[in-house]
There are 2 protein chains.
Amino acid sequence: MSGEVQGDKTLQDALRRAGLRVTPQRMMVLAALAAGEGHMTADEIFDLVRREYPFLNRSTVYRTLDRLVELGLVAVTDLGEGVRQYELVGTQPHHHLVCQRCGETIELADEVLQPLRARLQEDYGFAARMDHFAIFGLCRACQPDGPTGG
Amino acid sequence: MSGEVQGDKTLQDALRRAGLRVTPQRMMVLAALAAGEGHMTADEIFDLVRREYPFLNRSTVYRTLDRLVELGLVAVTDLGEGVRQYELVGTQPHHHLVCQRCGETIELADEVLQPLRARLQEDYGFAARMDHFAIFGLCRACQPDGPTGG
DNA sequence: GTTGCAATTGCAACGAGTTGCTGAATCTAT
DNA sequence: ATAGATTCAGCAACTCGTTGCAATTGCAAC
(Lines give C-alpha, C1' and ligand atoms only; values in the text may rest on other atoms or scores of the structure.)
Protein backbone atom coordinates (compact mmCIF):
# COMPACT_ATOMS: atom_id res chain seq x y z
CA MET A 1 0.00 0.00 0.00
CA SER A 2 2.71 2.44 -0.85
CA GLY A 3 0.23 4.36 -2.97
CA GLU A 4 -1.66 7.26 -1.55
CA VAL A 5 -5.29 6.43 -1.43
CA GLN A 6 -7.82 9.10 -2.18
CA GLY A 7 -9.03 10.29 1.15
CA ASP A 8 -5.85 9.70 3.09
CA LYS A 9 -5.63 13.39 3.82
CA THR A 10 -9.21 13.51 4.93
CA LEU A 11 -8.71 10.60 7.27
CA GLN A 12 -5.55 12.16 8.66
CA ASP A 13 -7.44 15.34 9.34
CA ALA A 14 -10.16 13.42 11.07
CA LEU A 15 -7.60 11.89 13.40
CA ARG A 16 -6.05 15.27 14.11
CA ARG A 17 -9.36 16.97 14.71
CA ALA A 18 -10.14 14.33 17.30
CA GLY A 19 -6.86 15.05 19.05
CA LEU A 20 -5.37 11.73 18.04
CA ARG A 21 -1.88 11.30 16.68
CA VAL A 22 -1.22 10.30 13.14
CA THR A 23 1.03 7.27 13.18
CA PRO A 24 2.19 5.01 10.34
CA GLN A 25 0.39 2.10 11.90
CA ARG A 26 -2.90 3.96 11.97
CA MET A 27 -2.53 5.13 8.42
CA MET A 28 -1.75 1.61 7.30
CA VAL A 29 -4.80 0.22 9.02
CA LEU A 30 -6.86 2.93 7.40
CA ALA A 31 -5.30 2.21 4.02
CA ALA A 32 -6.06 -1.48 4.41
CA LEU A 33 -9.67 -0.67 5.19
CA ALA A 34 -9.84 1.57 2.13
CA ALA A 35 -8.22 -1.07 -0.06
CA GLY A 36 -10.56 -3.84 0.98
CA GLU A 37 -14.02 -3.59 -0.48
CA GLY A 38 -16.72 -3.90 2.12
CA HIS A 39 -16.21 -5.76 5.37
CA MET A 40 -12.87 -6.90 6.69
CA THR A 41 -11.93 -8.79 9.80
CA ALA A 42 -9.22 -7.56 12.13
CA ASP A 43 -7.08 -10.45 11.00
CA GLU A 44 -7.47 -9.65 7.33
CA ILE A 45 -6.36 -6.12 8.04
CA PHE A 46 -3.50 -7.42 10.14
CA ASP A 47 -2.28 -9.71 7.36
CA LEU A 48 -2.66 -7.12 4.65
CA VAL A 49 -0.61 -4.53 6.52
CA ARG A 50 2.04 -7.03 7.52
CA ARG A 51 2.90 -7.72 3.91
CA GLU A 52 4.63 -4.37 3.88
CA TYR A 53 5.27 -3.79 7.54
CA PRO A 54 5.86 -7.13 9.26
CA PHE A 55 6.38 -5.71 12.71
CA LEU A 56 2.85 -4.59 13.31
CA ASN A 57 1.28 -6.08 16.40
CA ARG A 58 -2.19 -7.54 16.73
CA SER A 59 -3.11 -5.41 19.70
CA THR A 60 -2.24 -2.30 17.74
CA VAL A 61 -4.73 -3.28 15.08
CA TYR A 62 -7.43 -3.86 17.65
CA ARG A 63 -6.70 -0.66 19.54
CA THR A 64 -6.61 1.35 16.34
CA LEU A 65 -9.89 -0.11 15.19
CA ASP A 66 -11.44 0.72 18.55
CA ARG A 67 -10.36 4.35 18.24
CA LEU A 68 -11.67 4.57 14.71
CA VAL A 69 -14.98 3.16 15.79
CA GLU A 70 -15.21 5.67 18.63
CA LEU A 71 -14.54 8.43 16.12
CA GLY A 72 -17.28 7.13 13.89
CA LEU A 73 -14.88 6.57 11.00
CA VAL A 74 -15.31 2.81 11.10
CA ALA A 75 -18.33 0.59 11.77
CA VAL A 76 -18.08 -2.75 13.53
CA THR A 77 -20.58 -5.51 13.11
CA ASP A 78 -20.91 -8.90 14.69
CA LEU A 79 -22.57 -11.01 12.03
CA GLY A 80 -22.63 -13.97 14.39
CA GLU A 81 -19.75 -15.72 12.70
CA GLY A 82 -17.48 -15.48 15.70
CA VAL A 83 -15.43 -12.69 14.10
CA ARG A 84 -16.24 -9.02 13.88
CA GLN A 85 -16.44 -7.19 10.61
CA TYR A 86 -14.95 -3.73 10.21
CA GLU A 87 -15.78 -1.27 7.48
CA LEU A 88 -15.03 2.34 6.63
CA VAL A 89 -18.04 4.54 7.16
CA GLY A 90 -18.79 6.94 4.34
CA THR A 91 -20.28 4.73 1.71
CA GLN A 92 -24.00 4.15 1.63
CA PRO A 93 -24.90 2.76 5.04
CA HIS A 94 -26.44 -0.68 4.93
CA HIS A 95 -27.35 -3.40 7.38
CA HIS A 96 -27.87 -7.12 7.55
CA LEU A 97 -30.56 -9.56 8.50
CA VAL A 98 -28.87 -12.76 9.63
CA CYS A 99 -30.74 -16.06 9.69
CA GLN A 100 -29.81 -18.00 12.80
CA ARG A 101 -30.72 -21.26 11.18
CA CYS A 102 -29.24 -21.31 7.68
CA GLY A 103 -26.83 -18.42 8.08
CA GLU A 104 -28.15 -16.49 5.12
CA THR A 105 -27.63 -12.75 5.28
CA ILE A 106 -30.03 -10.31 3.65
CA GLU A 107 -28.99 -6.78 2.97
CA LEU A 108 -31.14 -4.10 4.51
CA ALA A 109 -31.51 -0.54 3.30
CA ASP A 110 -30.71 2.10 5.86
CA GLU A 111 -34.01 3.89 5.44
CA VAL A 112 -35.77 1.01 7.14
CA LEU A 113 -34.08 2.01 10.36
CA GLN A 114 -34.85 5.71 10.06
CA PRO A 115 -38.18 5.65 11.93
CA LEU A 116 -36.62 3.82 14.85
CA ARG A 117 -33.66 6.16 14.86
CA ALA A 118 -35.98 9.16 14.87
CA ARG A 119 -38.09 7.79 17.67
CA LEU A 120 -35.08 7.01 19.85
CA GLN A 121 -33.91 10.58 19.40
CA GLU A 122 -37.28 12.08 20.14
CA ASP A 123 -38.43 9.94 23.00
CA TYR A 124 -35.14 9.07 24.64
CA GLY A 125 -32.78 11.81 23.46
CA PHE A 126 -30.54 9.02 22.29
CA ALA A 127 -28.47 9.36 19.12
CA ALA A 128 -28.36 5.77 17.91
CA ARG A 129 -25.25 4.99 15.96
CA MET A 130 -26.42 2.29 13.64
CA ASP A 131 -23.85 2.48 10.86
CA HIS A 132 -23.83 -1.17 10.11
CA PHE A 133 -26.32 -3.20 11.98
CA ALA A 134 -26.99 -6.91 12.30
CA ILE A 135 -30.42 -8.19 13.23
CA PHE A 136 -30.81 -11.88 13.97
CA GLY A 137 -33.84 -14.05 13.36
CA LEU A 138 -35.26 -16.47 10.84
CA CYS A 139 -35.44 -15.97 7.10
CA ARG A 140 -38.60 -16.80 5.17
CA ALA A 141 -37.44 -20.28 4.26
CA CYS A 142 -36.53 -21.18 7.83
CA GLN A 143 -39.73 -20.02 9.49
CA PRO A 144 -42.03 -22.79 10.73
CA ASP A 145 -45.07 -21.87 8.65
CA GLY A 146 -45.92 -18.27 8.93
CA PRO A 147 -48.10 -16.59 11.56
CA THR A 148 -51.09 -18.83 10.97
CA GLY A 149 -49.34 -22.14 10.60
CA GLY A 150 -48.19 -24.49 13.32
CA MET B 1 -31.50 -30.50 44.38
CA SER B 2 -32.41 -27.73 46.76
CA GLY B 3 -33.09 -25.36 43.93
CA GLU B 4 -36.57 -26.31 42.79
CA VAL B 5 -37.92 -23.23 41.18
CA GLN B 6 -41.43 -22.53 39.99
CA GLY B 7 -41.35 -23.32 36.34
CA ASP B 8 -38.82 -26.12 36.43
CA LYS B 9 -41.40 -28.46 35.00
CA THR B 10 -42.30 -26.05 32.26
CA LEU B 11 -38.68 -25.64 31.30
CA GLN B 12 -38.17 -29.41 31.34
CA ASP B 13 -41.11 -29.81 29.04
CA ALA B 14 -39.73 -27.19 26.72
CA LEU B 15 -36.48 -29.13 26.45
CA ARG B 16 -38.32 -32.36 25.80
CA ARG B 17 -40.59 -30.84 23.22
CA ALA B 18 -37.52 -29.66 21.36
CA GLY B 19 -36.08 -33.17 21.37
CA LEU B 20 -33.34 -32.24 23.80
CA ARG B 21 -32.32 -34.32 26.76
CA VAL B 22 -32.97 -33.21 30.28
CA THR B 23 -29.68 -33.41 32.10
CA PRO B 24 -28.76 -32.26 35.59
CA GLN B 25 -26.32 -29.78 34.12
CA ARG B 26 -29.00 -28.20 32.01
CA MET B 27 -31.47 -28.01 34.84
CA MET B 28 -28.85 -26.44 37.04
CA VAL B 29 -28.03 -23.83 34.45
CA LEU B 30 -31.72 -23.12 34.10
CA ALA B 31 -32.11 -22.93 37.87
CA ALA B 32 -29.24 -20.49 38.09
CA LEU B 33 -30.82 -18.32 35.44
CA ALA B 34 -34.11 -18.41 37.31
CA ALA B 35 -32.42 -17.61 40.61
CA GLY B 36 -30.54 -14.62 39.32
CA GLU B 37 -32.67 -11.58 38.72
CA GLY B 38 -32.18 -10.12 35.29
CA HIS B 39 -28.98 -10.54 33.34
CA MET B 40 -26.25 -12.98 34.21
CA THR B 41 -22.94 -13.67 32.58
CA ALA B 42 -21.88 -17.19 31.69
CA ASP B 43 -19.29 -17.02 34.42
CA GLU B 44 -21.79 -16.01 37.07
CA ILE B 45 -23.92 -18.97 36.11
CA PHE B 46 -20.88 -21.20 36.13
CA ASP B 47 -19.85 -20.09 39.61
CA LEU B 48 -23.36 -20.32 41.01
CA VAL B 49 -23.86 -23.88 39.80
CA ARG B 50 -20.44 -24.99 40.94
CA ARG B 51 -21.28 -24.19 44.54
CA GLU B 52 -23.42 -27.30 44.52
CA TYR B 53 -21.93 -29.24 41.67
CA PRO B 54 -18.21 -28.51 41.40
CA PHE B 55 -17.58 -30.75 38.43
CA LEU B 56 -19.45 -28.74 35.86
CA ASN B 57 -17.35 -27.67 32.92
CA ARG B 58 -17.22 -24.24 31.33
CA SER B 59 -17.92 -25.52 27.86
CA THR B 60 -21.05 -27.24 29.10
CA VAL B 61 -22.38 -23.94 30.34
CA TYR B 62 -21.68 -22.26 27.04
CA ARG B 63 -23.13 -25.10 25.01
CA THR B 64 -26.21 -25.26 27.20
CA LEU B 65 -26.75 -21.54 26.89
CA ASP B 66 -26.40 -21.81 23.12
CA ARG B 67 -29.10 -24.46 22.98
CA LEU B 68 -31.39 -22.46 25.21
CA VAL B 69 -30.92 -19.43 23.02
CA GLU B 70 -31.71 -21.46 19.92
CA LEU B 71 -34.86 -22.65 21.61
CA GLY B 72 -35.83 -19.11 22.43
CA LEU B 73 -35.86 -19.81 26.16
CA VAL B 74 -32.94 -17.53 26.83
CA ALA B 75 -31.89 -14.19 25.36
CA VAL B 76 -28.29 -13.18 24.88
CA THR B 77 -27.14 -9.61 24.71
CA ASP B 78 -23.77 -8.05 24.14
CA LEU B 79 -23.91 -4.80 26.06
CA GLY B 80 -20.45 -3.91 24.84
CA GLU B 81 -18.79 -4.75 28.14
CA GLY B 82 -16.78 -7.59 26.69
CA VAL B 83 -19.03 -10.19 28.30
CA ARG B 84 -22.38 -11.42 27.13
CA GLN B 85 -25.49 -11.21 29.27
CA TYR B 86 -27.93 -14.09 29.42
CA GLU B 87 -31.48 -13.89 30.65
CA LEU B 88 -34.52 -16.12 30.80
CA VAL B 89 -37.13 -15.08 28.29
CA GLY B 90 -40.67 -14.93 29.62
CA THR B 91 -40.69 -11.78 31.58
CA GLN B 92 -41.58 -8.53 29.87
CA PRO B 93 -39.19 -8.17 26.96
CA HIS B 94 -37.02 -5.11 27.19
CA HIS B 95 -33.98 -3.68 25.47
CA HIS B 96 -31.12 -1.35 26.11
CA LEU B 97 -29.68 1.83 24.71
CA VAL B 98 -25.97 1.84 25.51
CA CYS B 99 -23.96 5.05 25.46
CA GLN B 100 -20.59 4.43 23.90
CA ARG B 101 -19.07 7.37 25.69
CA CYS B 102 -20.19 7.24 29.30
CA GLY B 103 -21.46 3.66 29.36
CA GLU B 104 -24.90 4.57 30.61
CA THR B 105 -27.64 2.12 29.70
CA ILE B 106 -31.22 3.21 29.19
CA GLU B 107 -34.02 0.69 29.26
CA LEU B 108 -36.18 0.53 26.18
CA ALA B 109 -39.73 -0.74 26.02
CA ASP B 110 -40.33 -3.53 23.55
CA GLU B 111 -43.14 -1.75 21.78
CA VAL B 112 -40.65 0.72 20.33
CA LEU B 113 -39.26 -2.08 18.19
CA GLN B 114 -42.64 -3.34 17.00
CA PRO B 115 -42.89 -1.17 13.87
CA LEU B 116 -39.43 -2.27 12.73
CA ARG B 117 -40.23 -5.90 13.48
CA ALA B 118 -43.45 -5.65 11.49
CA ARG B 119 -41.77 -4.03 8.55
CA LEU B 120 -39.00 -6.63 8.42
CA GLN B 121 -41.64 -9.34 8.35
CA GLU B 122 -43.69 -7.65 5.66
CA ASP B 123 -40.99 -6.39 3.37
CA TYR B 124 -38.33 -9.04 3.84
CA GLY B 125 -40.23 -12.04 5.16
CA PHE B 126 -37.78 -12.01 8.02
CA ALA B 127 -38.84 -12.95 11.54
CA ALA B 128 -36.55 -10.81 13.65
CA ARG B 129 -35.75 -12.31 17.00
CA MET B 130 -35.15 -9.29 19.15
CA ASP B 131 -35.72 -10.60 22.65
CA HIS B 132 -33.17 -8.45 24.30
CA PHE B 133 -31.53 -5.94 22.11
CA ALA B 134 -28.67 -3.54 22.55
CA ILE B 135 -28.44 -0.39 20.49
CA PHE B 136 -25.27 1.66 20.73
CA GLY B 137 -24.93 5.39 20.36
CA LEU B 138 -24.69 8.55 22.44
CA CYS B 139 -26.95 9.51 25.30
CA ARG B 140 -28.36 13.01 25.59
CA ALA B 141 -25.57 14.23 27.85
CA CYS B 142 -22.82 12.93 25.62
CA GLN B 143 -24.09 14.40 22.36
CA PRO B 144 -22.05 17.30 20.95
CA ASP B 145 -24.96 19.68 20.46
CA GLY B 146 -27.35 18.50 23.08
CA PRO B 147 -30.32 20.53 24.40
CA THR B 148 -28.12 22.36 26.88
CA GLY B 149 -25.44 23.09 24.32
CA GLY B 150 -22.05 21.52 23.82
C1' DG C 1 -34.03 -54.31 34.59
C1' DT C 2 -31.23 -54.35 30.61
C1' DT C 3 -29.72 -52.95 26.02
C1' DG C 4 -28.63 -49.87 22.20
C1' DC C 5 -27.86 -45.64 20.25
C1' DA C 6 -27.62 -40.87 19.78
C1' DA C 7 -27.08 -36.79 22.45
C1' DT C 8 -24.24 -34.80 25.77
C1' DT C 9 -20.32 -34.05 28.88
C1' DG C 10 -15.54 -33.14 30.12
C1' DC C 11 -11.17 -32.27 28.60
C1' DA C 12 -7.59 -29.91 26.36
C1' DA C 13 -6.16 -27.07 22.93
C1' DC C 14 -7.30 -23.42 20.21
C1' DG C 15 -8.90 -18.51 18.36
C1' DA C 16 -10.44 -13.83 19.04
C1' DG C 17 -9.92 -9.95 21.59
C1' DT C 18 -8.12 -7.23 25.86
C1' DT C 19 -4.89 -5.17 29.26
C1' DG C 20 -0.72 -3.48 32.15
C1' DC C 21 3.59 -2.13 31.47
C1' DT C 22 7.82 0.02 29.34
C1' DG C 23 10.26 2.02 25.73
C1' DA C 24 9.50 4.70 21.56
C1' DA C 25 7.29 7.98 18.68
C1' DT C 26 4.34 12.12 17.86
C1' DC C 27 3.20 16.69 18.57
C1' DT C 28 3.75 21.46 20.73
C1' DA C 29 6.42 25.26 22.03
C1' DT C 30 10.53 27.48 21.82
C1' DA D 1 16.37 21.90 15.52
C1' DT D 2 15.60 20.60 20.39
C1' DA D 3 13.36 19.57 24.66
C1' DG D 4 9.35 18.30 27.06
C1' DA D 5 4.89 16.32 27.65
C1' DT D 6 1.97 12.79 26.45
C1' DT D 7 0.22 9.48 23.55
C1' DC D 8 1.07 5.23 21.35
C1' DA D 9 3.31 0.62 19.89
C1' DG D 10 4.94 -3.75 21.07
C1' DC D 11 5.15 -7.50 24.15
C1' DA D 12 3.36 -11.06 27.00
C1' DA D 13 -0.01 -12.82 29.66
C1' DC D 14 -4.65 -13.07 30.26
C1' DT D 15 -10.03 -13.72 29.56
C1' DC D 16 -14.03 -15.14 27.07
C1' DG D 17 -15.80 -18.27 24.17
C1' DT D 18 -15.40 -22.35 20.72
C1' DT D 19 -14.27 -26.98 18.90
C1' DG D 20 -12.72 -32.05 18.08
C1' DC D 21 -12.63 -36.11 20.30
C1' DA D 22 -13.45 -39.95 23.49
C1' DA D 23 -16.09 -41.42 27.36
C1' DT D 24 -20.40 -41.05 29.55
C1' DT D 25 -25.37 -40.50 30.12
C1' DG D 26 -30.38 -40.01 29.04
C1' DC D 27 -34.04 -42.05 27.00
C1' DA D 28 -36.85 -45.37 24.60
C1' DA D 29 -37.61 -50.04 23.40
C1' DC D 30 -37.34 -54.53 24.76
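Since we're looking at a predicted model, the values are computed, not measured. Convention: sequence-line order gives letters A, B, ...; per-chain numbering from 1.
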Problem - Nucleotide D:dT6, atom C1' - distance to CG of A:L20 in whole Å - result: 13 Å

Completion exercise
DNA chain D nearest-nucleotide lookup for B:S59 and B:V22: closer to the 5′ end is B:S59

Exercise for the section: Find the partner of C:dT9: check Watson-Crick (N1-N3 plus N6-O4 or O6-N4) and G-U wobble (N1-O2, O6-N3) distances, both under 3.5 Å, and reply none if neither fits. Expected result: D:dA22

Handout entry: Residues A:D43, A:R84: salt bridge by 4.0 Å N-O rule
Key = no

Practice task
Whole angstrom is fine here: how far is it from CZ in A:R21 over to P in D:dG4?
Solution key: 16 Å

Practice task
Can you label the angle between the B:H132 ring and the B:H94 ring as parallel, tilted or perpendicular, going by 30° and 60°?
Solution key: tilted

Completion exercise
From CG of A:N57 across to P of D:dA12 the rounded distance in Å is 9 Å

Completion exercise
Comparing nearest nucleotides in DNA chain D, the 5'-proximal residue of the pair A:R26, B:D43 is A:R26

Practice task
List the steps and the verdict of side-chain hydrogen bond (donor to acceptor under 3.5 Å, both in side chains) for A:N57 and A:S59.
Solution key: CA-CA 6 Å; A:N57 194 272; A:S59 57; 2.8 Å; yes

Exercise for the section: For B:L68 and D:dG17, give me the distance from atom CG to atom P, rounded to whole Å. Expected result: 15 Å

Handout entry: Interatomic distance, B:E44 CD vs D:dT15 P [rounded to whole Å]
Key = 16 Å

Problem - Under-4.0 Å side-chain N/O to phosphate OP1/OP2 contact, A:Y53 with D:dG10 - result: yes

Problem - Outermost nucleotides of DNA chain C that come under 4.0 Å of a non-hydrogen atom of chain A - result: C:dA16 to C:dC27

Exercise for the section: Could you state the atom-to-atom distance from CG of A:D78 to P of D:dT18 in whole Å? Expected result: 10 Å

Problem - Where A:H39 and A:E44 come nearest, the two heavy atoms and their spacing - result: O-OE1, 4.2 Å

Practice task
Give me the ring orientation class for A:H95 and A:F133: parallel if the planes are under 30° apart, tilted from 30 to 60°, perpendicular past 60°.
Solution key: perpendicular

Handout entry: N or O in side chain of A:T23 less than 4.0 angstrom from D:dA9 OP1/OP2
Key = yes

Practice task
Give a yes or no on whether the backbone of A:M28 and the side-chain of A:E52 come within a donor-acceptor separation of less than 3.5 Å.
Solution key: no

Completion exercise
A:D66 CG to D:dA9 P, in whole Å, measures 12 Å

Problem - Close side-chain approach of B:V49 and B:V61, heavy atoms under 4.5 Å - result: no

Exercise for the section: Figure out the CG/P separation between A:L15 and D:dA9, and round it to whole Å. Expected result: 10 Å

